[in-house]
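Side-chain atoms are counted along with the backbone in the values below, which use heavy atoms only and exclude waters and symmetry mates.
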Amino acid sequence: MLLTIQQQGYQHIINLIPGDFNDEQHQIIALEMSFEQIAVDWHNPTLADFKRFVGLMKTYQQDKVLLHCRLNYRASAFAYLYQTTQRGVDESIAKQEMLSVWQPEGVWLDFIKRVQEHYSEI
């Protein structure tokens with residue numbers, strides 16, 4: 001699977017799952033891609049997590065990045081927030097993409113609101 005990802009032109013992989021991914025990291029680096037992990041706690045996603053993601057995306061510029069997590073719930077929320085707070089993508093378009101994956105609730109709705117409020121103040 002990682003070889004297919006590399007062959008599709010991805011240069012960077014960001015994993016949002018907590019845990020030990022040393023084996024995956026070594027395989028990715030061997031394919032000359034970069035690997036970053038932001039261990040986003042499912043029950044407590046933070047603004048700091050998202051700011052770290054934004055920093056990585058600024059570093060990667062226009063490179064092709066694969067963002068993933070276990071069920072793509074974290075990834076879809078981060079992608080939605082990145083598109084709307086950093087890239088100026090229309091809210092309804094970005095939200096529709098996220099909602100095609102899942103319907104955030106509870107701490108994730110709170111997280112989305114916190115991030116949106118933070119970036120609306122900047």
- Quick one: does Trp108's side chain have a donor or acceptor within less than 3.5 Å of a partner on Trp42's backbone? yes
- Query: Mind checking whether Gln86 and Lys58 have side chains closer than 4.5 Å, heavy atoms only?
  - Reply: yes
- Message: Could you see if Ile28 belongs to whatever hydrophobic cluster contains Ile14? Use Ile, Leu, Val, Met, Phe, Trp, Tyr and a side-chain cutoff under 4.5 Å.
- Response: no
- Message: Contact between Met57 and Phe78 at the side-chain level, heavy atoms closer than 4.5 Å - yes or no?
- Response: no
- Query: Does atom CD of Gln7 have more than 12 heavy-atom neighbours, drawn from other residues, nucleotides or ligands, at distances under 6.0 Å?
  - Reply: yes
- For Pro45 and Arg114 the tightest heavy-atom approach is O-NH2, 2.8 Å
- Are any non-hydrogen side-chain atoms of Ile13 and Leu2 less than 4.5 angstrom apart? yes
- From NZ (Lys51) to OG1 (Thr46), nearest 0.5 Å: 9.5 Å
- Message: Let me confirm one number: the CG-NE2 distance from Leu16 to His68, rounded to the nearest 0.5 Å.
- Response: 8.0 Å
- Task: Mind checking the CD1-CZ spacing from Ile29 to Phe35? Nearest 0.5 Å is all I need.
- Result: 8.5 Å
- Any chance you could measure Leu47, atom CG, to Phe111, atom CZ, to the nearest 0.5 Å? 7.5 Å
- CD/Gln96: more than 12 non-hydrogen atoms of other groups inside 6.0 Å: no
- Query: Can you find a heavy atom in the side chain of Met98 that is under 4.5 Å from one in the side chain of Ile112?
  - Reply: yes
- Write down the atom of Pro18, the atom of Ala39, and the distance for their closest heavy-atom approach. CA-CB, 3.7 Å
- Are Phe50 and Val89 connected in the hydrophobic side-chain network, where two residues link if heavy atoms are under 4.5 Å apart? no
- Message: Tell me the closest heavy-atom pair linking Ser34 and Tyr60, and the distance in Å.
- Response: OG-OH, 3.5 Å
- Taking all heavy atoms of Cys69 and all of Arg74, pick out the closest pair and write down the distance. SG-N, 3.4 Å
- Task: Spell out, yes or no, whether Leu81 and Ile93 are grouped together once hydrophobic residues are joined by side-chain heavy atoms under 4.5 Å, including indirect joins.
- Result: no
- Which heavy atom of Gln8 sits nearest a heavy atom of Lys64, and at what distance? O-NZ, 2.8 Å
- Task: Measure the spacing between CZ of Phe21 and CG of Asp23 and express it to the nearest 0.5 Å.
- Result: 10.5 Å
- Message: Just so I know, are the side chains of Phe53 and Leu67 near enough to count as touching, which here means a heavy-atom distance under 4.5 Å?
- Response: yes
- Item | Ring centre gap for Tyr82 and Tyr119 strictly below 6.0 Å | no
- Message: Are Val101 and Val115 connected into the same hydrophobic cluster when the rule is that any two of I, L, V, M, F, W, Y join if their side-chain heavy atoms are below 4.5 Å apart?
- Response: yes
- Side chain to side chain, Ile38 and Leu56, heavy atoms closer than 4.5 Å: yes
- Message: As an exercise, state the distance from CD of Glu24 to CD of Gln27, rounded to the nearest 0.5 Å.
- Response: 7.5 Å
- Message: Tell me if a side-chain donor or acceptor on Gln37 pairs with a main-chain N or O of Ile17 at a distance below 3.5 Å.
- Response: yes
- Query: Is it the case that one hydrophobic cluster holds both Val107 and Tyr80, taking links as side-chain heavy atoms less than 4.5 Å apart, direct or via other members?
  - Reply: yes
- Give the minimum heavy-atom separation between Asp41 and His43, together with the two atoms involved. OD1-N, 2.8 Å
